[in-house]
Amino acid sequence: MGTSPSKKIKIKNEYEYESSEINSLKQQEWINIHQTVSKNTSNCYNSYYQKIEFEENNGEHFLFYWIDAMEKMGTVYLFGKVYDKRNKKFISCCVTVNNIMRNLFILPRKYLLNENGKETEQKVEIIDVLEEMENIRKKYQISSWRFKSVKRKYAFEEQDVPAETNYFKAVYSFKDRQLPSNISGKTFSRIFGTNTNALELLIIKRKLMGPCWIKVTNYNKSQRMISWCKTEIVVSSPKSINVCNKNDPEIIKEIPPFVIMSLNIKTVLNTKCNLNEIVIASAIIYPNVNIVDYITNPRQEHDQFTILRKLPDVPFPFGLKELLASSNKKVEIVQNEIALLNYLMAIIQKRDPDIIVGHNFIDFHLDILLHRMKSLGISNWSRIGRFRRTMWPNLQLGAGGMGESSIAEKSVTCGRLLCDTFYGAKEYLNSPNNGLTYLSKLLLNIKREEIEPEKTFKYFLTKNQLIHLIQHTEFDSFLSSAIMFKIQLLPLTNQLTGFAGNLWSKTLCGSLVDRNEFLLLHAFHGKKFICPDKYDYKKRQNNNWNKKKTTYSGGLVLEPKKGFYNKYILILDFNSLYPSIIQEYNICFTTVNCKDNNEDNEENNKLPEISNQFLEVGILPKLLKTLVQRRKQVKSIIKTCKDPKELISLDIRQKALKLTANSLYGYLGYNLSRFYAKPIAMLVTSKGREILQNTVDLAKKRSYDVIYGDTDSIMINTNTDDLNKVKNIGNEIKKAVNEKYKFLEIEIEGYYRKMLLLRKKNYAALIEKELNNKIEKIIEKKGAEVVRRDWCPLSINASDYILEQLFSDDSRENCKEKIYSYLRKLSENIRTNQYITEDYIINKTLSKNPEDYSDWNIQPHVLVALRLKAKGVGCHPGDTIQYVVCKDDQKKNLSERAYHPNEIKINNKLKIDYEWYLNEQILPLVLSLCEPIEEVNNNELSKSLGLNSSKYIYYQSNAFYNSNLEPTTFTFDINIPKEQKFKNVEKWNPICCHCNQKSEFVGIFREKDGNSQSSLKCPKCNKMMPYGSLAAQLHHAIKNHVKKFNNVSNCDNSHTHTKQLNVNIKGCINQSCNGNKTNEVYLGKSLFIQLEYYSYLFNVKKTGKSIEKEELAVFSALNNIVKRYIEKITREYVDQKSIT
RNA sequence: UUUCGGAGCGC
DNA sequence: ATTACTATTGGCGCTCCGAAA
Ligand SMILES: [Mg+2]
Ligand SMILES: [Mg+2]
């Protein structure tokens, strides 16, 4: 990771800093050895000014750096920057590309089909095809098209498509209708390219490889206002878009400076309808950023502004304005949320950022911003992006900020790149936690204070606290931009996009699929191949994306020779094994049979052969070869390069090339990928296994002791203390292996001085590094508890300590004693409550919404999450849930004894179950670490922990003591979240249209006569109730509830209810609230709970049982009805409120 | 011992 | 009294947990 952060940057007393300190902090953070080379960025561009100057009204061409693009109705809009001659600066520009044509490739049959679809003897002539196509043209009302005969290659899944043949290429407008993708006729068997979209065509055919300078020719000024860009251009043909030629003497390498805005908002939860409302928005704007030159960024000009809004029922604390005025801050105070959002949109329009940065911006802040703007009717909402819009897209269901943003939401920001440091960290760092607090500490060494969203409103009570909250908001926007610079997110994604040739905005969103798809599209299109079409109707039908089954075998993992080694261990590792294999064996779509066999039979899982008839190097190997060669080139330049600034950008380039090459294999094995090639993926892994095995055999033949190996590496016990001997062995094997291959390359990865090999993929080792004549000792831990989040800090510390002792130079006897006494001390301290609660926290991630777990009652973290959610704390998939195991004599199950740290803080009856921790968190780990150490005795270890030598006893006593409890008693508490929530809802009793009898609808399944049956079956007459009947009754029922709610709520003045936020959710309403409001709030809430109840009834995800496909469709349709109402009512409810 | 479900490390 | 669907998701190998057989 580039450079290490400077060490001593801390904020004293959390947030008591002056505004000027923010600046000095940044200064300190970013100053480093490279500062001498940082120049005034604008000077870099001086030499290019003449070449790229731009005037709207004349000239044959102009230069344009594109960063983003979108498509609407077959027209493509490119967004980017041009240099404005008059004002001498870069401004945003939108180029509208009209008249992009669909490209169809019609595969003619050899023989004509007759009426029955049978092949005849009659050969197909050109005229036959044209005739049939003419009928199709009329049928689909296509105004006109042109034909041309072309030669194309094909190598993908579809059977019966020749490797190379003549096609009829049809070209027609996107204004005309799209043909169905599975169309075929008497004279042709298939048409490729029916559903290819205009943007893809433009990018592929004009060979746009990521953001770059484009020469735009034959352009006109736009007549309509299409975008929010400062200037707009129209071209009438895609041919006007030309990537600047590399051989052009006027070539421009520099990326223009960008306007970057780091945006952060604070919200308050409106308990009435579970809505997040925006109360503070804060942004830092860097108006002139050279993304490659990241070191200079924070020291460039920037400015910050903040908008604060008043809460409806809460006056601002006295003296706030004076305090703000004296603090020299740009804080705009407005009266309500509408004004805040209008102001924010105005700023965005004025400053026109190219890139918006935030932490978890895409899934959280953006979603909230859009929901609020839609609800409050902000007219210029689309300024969040650069394309003018009047129609709202479908927003994510629900109230906003509750889950991932939809594609529609992401697309409205088109023209401005969203740079989300949460996504970025997830993809390019492997940090155990990607929260802003953790990342700040890790990357910037800055301690960040957590403010729980549900407590925000409390900060509105005093002026100092409110200032604190404002500073916190401002500081968060600084942090996310600092993290973005630190992990070099923009230059890295810029490079990745350049190699893959996709959209930069997609790279920033983090999916590998899109990058690899475009990488291959460019590569195959360039060689005149027809590429697979976008959505395969066959695949879409059986979209069982729910299940992730392993479909072919992967890497070889050698059985480890477990134990403790104190002689040198040699590690050899193949560089980029899979990409190398593809080159070594010339594995490609063109050399391996990838036809879709359509059946899951044996044949399909048989390993394909590499066909020898193609002597020519395949496309994939060629592609990877150029990537590898480019990387080698870059690395060789790095060796001689002296310019530190250049070094950093070269290193990023090198990294991006490696990432691109390595991610290709995963994409080929991904079953929904457009270039899915299971045979290739299978072949690659099988070759990998073969190669590793051969390497092991080679080493063994030379009588070396291979103790372990994983996929692409082997470890050898050299049984010597002489490092030179070890190196010789390494070189010997390396030479012998590398001789056998042309592309594959094994390298010495390192040496372990000592090693503790515990299990497959689980070991610790001591590495000695020589640095400036000093030997630095590092303990490397792989797969060990120490690196895992699901162990509490106490376990991790214990594990760390023991490893340290085992690897120390102490005698075994000393070491043993130290461990025993450490454990004695530890257990004593635990039992006498010497540690804080935090030391007992266990982390687990929520992989789905807590409600969606089928076994929620036995998962500690799920139960904790459910309780958190009931209290109004948002719990989303991907969140890490903390819990601590407590003692409770009434409860047996671990899951029921798990509590969130905050619950323990509040409830002093909860006591940590020390014995459980000693038995389950400390002992197993200690035993497993010490198992290979002969001198250390298991009994002694348990005794040191005061555990009477065995887990068994603990379990025994527990089992005995639990046998007195009725098993059913457990379920009571467990059910609380749901049972309690839906305690007062009205049950749904639809009438069966067959027997006209009412019966309660209880969920997906109904227990009847001891059997579980679908609840779509009427329990009275056992006939299936049709969808229509149910839907109508559901509409009716919901409308009744809504009507009831509206009648009451119109009687009084509605208010937001931020004041009562600290009241817990079930505890109805606070005393300070008058009766009228109480009533309304209660009703509002009950309406939402009622609707949630309906949604719960139809939630198919929750049940573990399998459901018939048709029934599943009915349930999800019913669920969608409910969701639509929820969305609609949420909107109306807010509208009503905002009138006051 | 298997199955299912759940963690998240490893390459 | 008949819903919705534009759209999204890299691979496999290995060891833990718990529950029901
Ligand atoms: Mg490797
Ligand atoms: Mg390796």
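Chain naming here is simple, since letters A, B, ... match the order of the sequence lines and numbering starts at 1 in each.
- Between A:Glu785 and A:Arg788, no side-chain nitrogen of the basic residue sits less than 4.0 Å from a carboxylate oxygen of the acidic one, so the salt-bridge criterion is not met.
- Rounded to whole angstrom, the span from the CD atom of A:Glu559 across to the C1' atom of C:dT15 amounts to 12 Å.
- At the heavy-atom level, A:Ser713 lies nowhere under 4.0 Å from the strands shown.
- We find that CG of A:Asn430 is positioned 12 Å from C1' of B:G8, with the value rounded to whole Å.
- Along DNA chain C, the nucleotide nearest to A:Asn662 and the one nearest to A:Asp790 differ in position, and the one closer to the 5' end is contacted by A:Asn662.
- Nearest-nucleotide positions on DNA chain C for A:Ser1029 and A:Leu894 put A:Ser1029 closer to the 5' end.
- Using a 4.0 Å heavy-atom cutoff across all strands shown, A:Gly1028 reaches at least one base atom of the nucleic acid.
- Across all strands shown, A:Val862 has no heavy atoms under 4.0 Å from either base or sugar-phosphate atoms.
- No side-chain N or O of A:Asp533 forms a donor-acceptor pair with one of A:Thr194 less than 3.5 Å apart.
- One finds a side-chain N or O of A:Thr551 lying less than 4.0 angstrom from the OP1 or OP2 phosphate oxygen of C:dC12.
- A salt bridge is absent between A:Arg897 and A:Glu920; no separation between the charged side-chain nitrogens and carboxylate oxygens falls under 4.0 Å.
- Residue contacts for A:Tyr578: at a heavy-atom cut-off of 4.0 Å it reaches no nucleic acid atom on any strand shown.
- Put simply, OH on A:Tyr763 and CG on A:Leu756 are 12.0 Å apart, with the number rounded to the nearest 0.5 Å.
- Atom NZ of A:Lys761 and atom P of B:G8 are 17 Å apart (whole Å).
- Between A:Lys549 and C:dC12 there is no side-chain N or O to OP1 or OP2 distance below 4.0 Å.
- Inter-residue side-chain proximity for A:Leu744 and A:Ile581 is flagged as met; some heavy-atom pair is nearer than 4.5 Å.
- Using a 4.0 Å heavy-atom criterion, one finds that A:Gly669 contacts the sugar-phosphate atoms exclusively.
- Counting to the nearest Å, the P atom of C:dT8 and the CD1 atom of A:Ile362 are 16 Å from each other.
- Within 4.0 Å of A:Ser511, counting heavy atoms only, lie sugar-phosphate atoms of the nucleic acid but no base atom.
- As judged by a 4.0 angstrom heavy-atom cut-off over every strand, A:His861 is placed among residues touching the sugar-phosphate backbone only.
- Regarding contacts with the backbone of B:C9, a side-chain N or O of A:Arg789 is found under 4.0 angstrom from either OP1 or OP2.
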